[in-house]
Amino acid sequence: MMEKITMTYEEAYKELAQIASEIEKETISIDVLAVKVKRASDLITFCQTKLKSTEAEVNKIIAQMENSAQ
């Protein structure tokens with residue numbers, strides 16, 4: 001079960017970028033690589049969910065505005 005990540009999209013994206021940078025530079029020890037990859041996976045899921053829910057909310061607001069204008 002994925003732990004609930006309580007952070008903003010920007011914080012999650014920044015942490016994800018940091019993990020990617022560490023992996024690219026090969027500065028992560030092999031002992032923590034799996035932990036970092038799991039964390040990155042959780043952050044990606046969080047960001048995707050946040051983007052989808054924000055898109056749905058914006059679309060709902062736009063639809064309400066269009067209905068009000070008619």
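Just so you know, these numbers use all the heavy atoms, side chains as well, and skip hydrogens, waters and symmetry mates. From a predicted model like this one, the values you see are computed outputs, not experimental measurements.
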task = Determine whether Ile30 and Ile23 fall in the same hydrophobic cluster, where Ile, Leu, Val, Met, Phe, Trp and Tyr are linked whenever their side-chain heavy atoms lie under 4.5 Å apart.
result = yes

query = OH of Tyr13 to CE of Met7: how many Å apart, nearest 0.5 Å?
reply = 14.5 Å

query = Quick one: side chain to side chain contact (heavy atoms under 4.5 Å, CB included) partners of Ser53, sequence neighbours excluded?
reply = none

message = Is it the case that the side chain of Thr49 and the backbone of Thr45 share a donor-acceptor pair, with hydrogens and angles ignored and the cut-off at 3.5 Å?
response = yes

request  = Might you work through the side chain to side chain contact (heavy atoms under 4.5 Å, CB included) test for Glu55 and Asn59, ending with a clear yes or no?
outcome  = CA-CA 6 Å; Glu55 180 183 26; Asn59 287 337; 3.7 Å; yes

Can you give me every donor-acceptor pair (side chain of residues 61-68, partner residue at least two apart or in another chain, under 3.5 Å) with its distance?
| residue | atom | partner | partner atom | Å |
| --- | --- | --- | --- | --- |
| Asn67 | ND2 | Ala63 | O | 3.3 |
| Ser68 | OG | Gln64 | O | 2.9 |

request  = Identify, with sequence neighbours excluded, every residue that meets salt bridge (charged side-chain N to carboxylate O under 4.0 Å, His left out) alongside Glu11.
outcome  = none

key: Straight-line distance of Leu33 CG to Lys38 NZ, nearest 0.5 Å   = 14.5 Å

message = Using 0.5 Å steps for rounding, measure from the CG atom of Leu16 to the OG atom of Ser21.
response = 11.5 Å

key: Partners passing side-chain hydrogen bond (donor to acceptor under 3.5 Å, both in side chains) against Glu22 (at least two apart in sequence or in another chain)   = Gln18, Lys36

query = Hey, does Leu43 have a side-chain heavy atom less than 4.5 Å from the side chain of Ile19?
reply = yes

Those residues that, when tested against Lys50, pass side chain to side chain contact (heavy atoms under 4.5 Å, CB included) (two or more places apart) = Tyr9, Thr54

inquiry  = With a 4.5 Å cut-off on side-chain heavy-atom distances among I, L, V, M, F, W and Y, is there a chain of contacts connecting Ile44 to Val37?
reply    = yes

